[in-house]
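The structure appears below as structure tokens.
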Amino acid sequence: MSPSAALASDVFRFFALLTTGLLVVGGAIIGVVRLRFKKDVSHAWDSYRGWLIMAPIIGVSLFAGQAVAICFFAIISIVAFTEYARATGLHRDLSMTFISLAGIIGIAVVALARDPTTGEAGWYGLFMALPVFMMAALLLASILRNRPEGQLKSVALALFGFLYIGWMFGHIAFLANTRNAYGYLLYLVFAVELNDVAAFTCGKLFGRRPLCTKVSPWKTREGALGAVLISALFPLTVRFALPDFSALECVAAGLIVGVGGHLGDLSISVIKRDIGVKDMGTLIHGHGGVLDRIDSLIYTAPLFFHFTRYAHGM
């Protein structure tokens, strides 16, 4: 990954043009609905403004190269973990919070390093072992305090936050080290967002039966099924981004996004309902917090990474 490689990549140019086109068309549709039909589009406008900021930032980060992309993903993970820590109360325990953040920074360092045995980009073996070292560090911190009260909750919150927001999401950084980095990253990010839009659209058009009433009241079974079907077919339309994948593998990759995206969304919803908050943050206007925006990507990134690694190597 580099600026020159991005400019030479048909995949990067295609997704850049596609995203630009969708933003232009989306803005035009919102404008027509508001001015011509006099409808309230405030919610759609807030979401659109969020994408006007997010899309260029993501594009520039990937265009700038491998190191910048990995650092960008690390920053996203740090911000998301900070939102999680504030929402759950973990931020009151500074030691556990800083140890977890140090672990997330360690993921970026490991992704930037070279494997000492193979010389390949990304120290994959150490990355897979990081949860063990994090568990040991958190337990050591709780022992050194010599104050057992409340330690189980603090350790559990810190470890879960690191594993889910740091380590699982950290798999996307290792996709930046692959031979087909632009293809894998751009497909995954775009497919996850398409899955969200498809679920919302199919739910509005065909939704009748709720999916999980107490976890996410507005999700419907029809919306989820429609999104899974669209996600399963989408890789077949962009097979140039996944050149080594057979048709069956493309469908499998789509199902990973379709099913995993919903599970990621519902997983964060469970946490939000449990602690009684609507959004994990307010950083992205119209979208909530960073963690609200990447919840589906957290779940799909490791599933897609390991599927790809098993099927074709990295």
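Reckoned from all heavy atoms, side chains included, excluding hydrogens, waters and symmetry mates.
Clustering ILVMFWY residues whenever any of their side-chain heavy atoms sit less than 4.5 angstrom apart, transitively, puts Ile70 in a cluster other than the one holding Leu126. Ile78 and Ile58 fall within the same hydrophobic cluster, defined by Ile, Leu, Val, Met, Phe, Trp and Tyr side-chain heavy atoms under 4.5 Å apart, directly or through other members. Under the 4.5 Å side-chain heavy-atom criterion for Ile, Leu, Val, Met, Phe, Trp and Tyr, Leu112 and Phe72 are members of distinct hydrophobic clusters. Under the 4.5 Å side-chain contact rule for hydrophobic residues, Val60 and Phe73 do not share a cluster. Hydrophobic clustering, with ILVMFWY side chains joined whenever heavy atoms are under 4.5 angstrom apart, keeps Leu140 apart from Phe133.
Leu7 CG: more than 12 foreign heavy atoms inside a 6.0 Å radius. Within 6.0 Å of the CZ atom in Phe200, the count of heavy atoms belonging to other residues, nucleotides or ligands does not exceed 12. Atom CZ of Arg273 has more than 12 heavy atoms from other residues, nucleotides or ligands within 6.0 Å.
Taking the six-membered ring for Trp, His262 and Tyr299 have ring centres at least 6.0 Å apart. Side-chain rings of Tyr310 and Phe307 stay apart, their centers remaining 6.0 Å or farther from each other. For Tyr187 and Phe15, the ring centers sit 6.0 Å or farther from each other.
Separation of atoms CG (Leu62) and OG (Ser9) is listed at 10.5 Å; rounding is to 0.5 Å. Between atom CG of residue Leu263 and atom OG1 of residue Thr300 there is a gap of 10.5 Å, rounded to the nearest 0.5 Å.
Taking 4.5 Å as the limit, every side-chain heavy atom of Leu185 sits out of range of all side-chain heavy atoms of Leu188. Residues Leu157 and Met96 form no side-chain contact, since every pair of their non-hydrogen atoms from C-beta on lies 4.5 Å or further apart. Using a 4.5 Å heavy-atom threshold, the side chains of Asp10 and Phe240 count as separate. Proximity of Thr220 to Phe206: side-chain heavy atoms (C-beta onward) are nowhere separated by under 4.5 Å. No side-chain heavy atom of Val257 sits less than 4.5 Å from a side-chain heavy atom of Phe304. Between His171 and His306 the shortest side-chain heavy-atom distance falls below 4.5 Å. Counting heavy atoms from C-beta outward, Cys202 and Glu222 have side chains that stay 4.5 Å or more apart. Contact of the Ile271 side chain with the Phe160 side chain is registered, since non-hydrogen atoms from C-beta on lie closer than 4.5 Å.
Partners of His91 under the side-chain hydrogen bond (donor to acceptor under 3.5 Å, both in side chains) rule, at least two apart in sequence or in another chain, do not exist in this structure.
Each of Phe127, Phe162, Phe174 was checked for a ring-ring contact (aromatic ring centres under 6.0 Å, His included) with Trp167, and the lone residue meeting it is Phe127.
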What verdict does the side chain to side chain contact (heavy atoms under 4.5 Å, CB included) test give for Leu233 and Leu236, after you've listed the backbone C-alpha separation in whole Å, the side-chain angles of each residue and the deciding distance to 0.1 Å? CA-CA 6 Å; Leu233 295 175; Leu236 296 174; 4.3 Å; yes
Residues Ile107, Phe169; criterion side chain to side chain contact (heavy atoms under 4.5 Å, CB included); working and verdict: CA-CA 10 Å; Ile107 290 173; Phe169 183 72; over 6 Å; no
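By the 4.0 Å N-to-carboxylate-O rule, Arg293 lies close enough to Glu193 to be salt-bridged with it. Residues Arg114 and Glu120 are not paired through a salt bridge, judged by the lack of any N-O separation under 4.0 Å between the basic side chain and the carboxylate.
Listed by first and then second residue, the salt bridge (Lys or Arg N to Asp or Glu O under 4.0 Å) pairs involving residues 138-157 are Asp93-Arg145 (not counting sequence neighbours).
The cationic atom of Arg309 (NZ for Lys, CZ for Arg) lies less than 6.0 Å from the six-membered ring centre of Tyr124 and within 45° of the ring axis.
Side-chain contact annotation: Thr178 with Asn180, donor-acceptor N/O pair under 3.5 Å absent.
Side-chain atoms of Thr19 never come within 3.5 Å of backbone atoms of Ala16 as a donor-acceptor pair (strictly under, hydrogens ignored).
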